[in-house]
Each structure stands twice: as C-alpha cells, then as structure tokens.
Amino acid sequence: MTEDLHALQRRLAAFAAARRWEPYHTPKNLAVALSVEASELLEIFQWLTPEQAAGVMGDPDSAHRVRDEVADVLAYLLQFCEVLGVDVLEALSAKIDRNELRFPLPGAGD
C-alpha cells in the first residue's frame, strides 16, 4: 500500500474541509452515502452469472468500475469512522477475535 489508513483519512478530511463539506459529513449522511456506494458496487454484479462475476476484473471497463466503487465504499467508511472516532483496524481485529470464538474450527474442542 502506498498510504496507510490514517493518512488516507487525513487526506479525505482535508479534501472535505477545503470544500466546506464538514457540515454534511454527519454519521447519518455518511452511513447513507456508504450504503449507496455499496449498492453501486452490487449493481455491477446484479445480473451476472457466477462465472461472469468471477471474471469481472478481466474486462478493463468493468474492472475500472469495480475499483472506483470499492474506492468510494472505503472512502465513506473511513470518513464515517473518522467522524465517530472508530479505529477501523481495531474494530476489525476485535470482530475477527469474536468470530473465531463464535465459530470455532470443526473438531476444535472435541
């Protein structure tokens, strides 16, 4: 990776501040925007067969759309976390820890 998540969050915050968008970057608005962008990512795959979906990155136009929508989803998620003070990597690590306890490996504990 060329930049870490905190550096990207700072760039996103500076971008929004320079355009005076902070009043609009409320938790609700950012959650809505995140959902919209995730839906736009889903739209790319909406009518594809599993085989077509697996090959979507092989088409330059589709791959570009996927990368753009992934970037939009991540941007809004990072902005959402910044506004609420959520450390996204810490939250993910804690969730993985809980899932490892919740869903033990088959045969574990037998």
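Source: prediction; values computed, not measured.
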Can you list, pair by pair, the side-chain donor-acceptor contacts under 3.5 Å of residues 82-108, counting residues two or more places apart and other chains?
unit_1, atom_1, unit_2, atom_2, d
Asp87, OD1, Leu89, N, 3.1
Asp87, OD1, Glu90, N, 2.9
Arg98, NH1, Ala94, O, 3.4

Could you list the donor-acceptor pairs under 3.5 angstrom formed by side chains in residues 55-70, with sequence neighbours left out?
unit_1, atom_1, unit_2, atom_2, d
Asp59, OD2, Ser62, N, 2.9
Asp59, OD2, Ser62, OG, 2.9
His64, NE2, Asp68, OD2, 3.2

Side-chain hydrophobic cluster, 4.5 Å single linkage: members besides Val36: Val32
Any side-chain heavy-atom pair of Leu78 and Leu74 under 4.5 Å: yes
Interatomic distance, Ser39 atom OG to Leu34 atom CG [nearest 0.5 angstrom]: 9.5 Å
Partner residues of Ala38 under the side chain to side chain contact (heavy atoms under 4.5 Å, CB included) criterion, sequence neighbours left out: Val73
Value rounded to 0.5 Å, distance of CZ in Arg10 from CG in Leu5: 10.5 Å
Side-chain polar contacts of residues 11-22 - donor-acceptor pairs under 3.5 angstrom, sequence neighbours left out - could you list them?
unit_1, atom_1, unit_2, atom_2, d
Arg11, NH1, Glu3, OE2, 2.6
Arg19, NH1, Phe15, O, 3.0

Tyr24 atom OH, over 12 foreign heavy atoms within 6.0 Å: no
Gln52: partners by side-chain hydrogen bond (donor to acceptor under 3.5 Å, both in side chains), with sequence neighbours left out: Thr49
